[in-house]
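Dropping the structure in here first, questions after.
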Amino acid sequence: MRDPRAGEMAFHEWHARWWQARVVEPHTLRGDASSIKNHVLPHWADREMRAVTRMEVQSWIRGLVEKGVGASAIKRAYNLLSSIMRAAVDDDVIAVSPCRNIDLPQIAIKPPQWFTLDQAQSIVDELPAPWRTMCLLGFYTGLRWGELAGLHRHRIDQRRSRLFVVEVNTKSGIKEYPKSSRSRREVPLPPHVLDVLERHIHPLDRDALVFTTVTKGRAGRRLDDGNWRRQTWWPAIENAHYFGTDGEQLPVPHYPPHSMRHTCASWLVQKGVSLYEVQHLLGHESFQTTQRYAHLQPDAHKAVLAAWERLEVPLTFAA
């Protein structure tokens, strides 16, 4: 039996109960708290749970669009509202969730940002020695920044020229990937990358992090993503230049560290490695994520061009 008065509860009261019961990562909590504070509670806080309708949810989405809120931020806010309402159904607070058949703004899928070989080399040349090793590994393995910064010495199999991605560096510390995640994987190392890596890890203890801070007086500490970008990555990008096809010296594109991962995938696809292999190398949960690189395949448009060539009488343009 469901208490018919349970739905009289104010949204903010149910949200408080739901929030206290959540089991998610600390960095996820921080992002969710910001989304709820900025987009969810201002609209729904004082509404009775039973009074929220599907059409009102759709109107709320429309209002966020008109305010200029980005599609990704709207999707996150909606997913949180949907989770709150779904939990209310499970706890017999309301009978049916109003979050169903809701139209959301489309999230534009941006093509991956990647560096050419010359651009990548110029970046590596601008980095101090320890970070050259780290970025060389990033370009040739496609590891996420947190995976590079969370790599331990004993995860490197020098005999088989492999490394194992198990731990990841997060804002809340080093954590292990769950066993069911595709992110937990084995990655091959090219011989020249292994040579550089072996020299780097030679003095390290077996359980030590491979990459740590190097600042005098603060050496050996876990890396911070923001600090590493400001002090290492962006200065190297600012100073890096390469020569264009016409011989002119050009600045390297201002892409973030994550572009090393995109670069790895792009290079492999251009050399004919299947998207299936790239998916497993990078640890993508969804094949759709990997398909962003499909246009880089050597034969991506081969069938289309061949079909045009088979036309018996192609269209012409009279001068």
According to side-chain hydrogen bond (donor to acceptor under 3.5 Å, both in side chains), who are the partners of Gln121, at least two apart in sequence or on a separate chain?
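By the side-chain hydrogen bond (donor to acceptor under 3.5 Å, both in side chains) rule, Gln121 matches Asp125.
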Quick check: does any side chain N or O of Thr133 sit under 3.5 Å from a backbone N or O of Leu197, one acting as donor and the other as acceptor?
no
Salt bridge (charged side-chain N to carboxylate O under 4.0 Å, His left out) partners of residues 232-247, not counting sequence neighbours, each pair once
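The answer is none; no pair qualifies.
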Under 3.5 Å, side chain of Arg54 to main-chain N/O of Pro98, donor-acceptor pair present?
no
Write out all pairs satisfying side-chain hydrogen bond (donor to acceptor under 3.5 Å, both in side chains) with one or both partners inside residues 266-276, taking only residues at least two apart or from two chains.
Tyr276-His280
Do His262 and Tyr255 pass the ring pair (Phe, Tyr, Trp, His ring centres under 6.0 Å) test, and can you show the C-alpha distance, the side-chain angles, and the key distance before you say yes or no?
CA-CA 10 Å; His262 291 316; Tyr255 297 156; 9.1 Å; no
Applied to residues 58-72, the side-chain hydrogen bond (donor to acceptor under 3.5 Å, both in side chains) test, sequence neighbours excluded, yields Arg62-Glu66
Side-chain donor/acceptor of Asp91 to backbone N/O of Ala87, under 3.5 Å:
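It does not hold such a pair.
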Would you list the atom pairs, donor with acceptor, under 3.5 Å between side chains in residues 102-117 and any protein atom, with sequence neighbours excluded?
residue : atom : partner : partner atom : Å
Thr116  : OG1  : Gln119  : N            : 3.2

Close side-chain approach of Met85 and Trp44, heavy atoms under 4.5 Å
no
I'd like to check the side chain to side chain contact (heavy atoms under 4.5 Å, CB included) partners of Asp299; sequence neighbours left out, ordered by chain and number.
Gln297, Lys302
Donor-acceptor contact below 3.5 Å, side chain Ser122 vs main chain Tyr242:
no
Test salt bridge (charged side-chain N to carboxylate O under 4.0 Å, His left out) applied to Lys75 - qualifying residues, sequence neighbours left out:
none
What residues, two or more places apart in sequence or in another chain, satisfy salt bridge (charged side-chain N to carboxylate O under 4.0 Å, His left out) together with Glu277?
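Once residues adjacent in sequence are excluded, Glu277 has no partner under the salt bridge (charged side-chain N to carboxylate O under 4.0 Å, His left out) criterion.
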Taking side chain as C-beta onward, heavy atoms only, is Pro188 less than 4.5 Å from Leu281?
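A side-chain contact under 4.5 Å exists here.
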Please evaluate residues Arg86 and Asp90 with respect to the criterion salt bridge (Lys or Arg N to Asp or Glu O under 4.0 Å), reporting the C-alpha separation (whole Å), side-chain torsions for both, the decisive distance (0.1 Å), and the verdict.
CA-CA 6 Å; Arg86 191 164 56 247; Asp90 292 341; 5.7 Å; no
By the salt bridge (charged side-chain N to carboxylate O under 4.0 Å, His left out) test, which pairs, at least two apart or in different chains, include something from residues 136-156?
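Found Arg144-Glu147, Glu147-Arg185, Arg155-Glu167.
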Go through the structure and list residues passing side-chain hydrogen bond (donor to acceptor under 3.5 Å, both in side chains) with Asp157, not counting sequence neighbours.
none
Any ring pair (Phe, Tyr, Trp, His ring centres under 6.0 Å) involving residues 61-83? Give me the pairs, sequence neighbours left out, ordered by first then second residue.
none
Remaining members of the apolar cluster that contains Ile174, side-chain heavy atoms under 4.5 Å:
Leu209
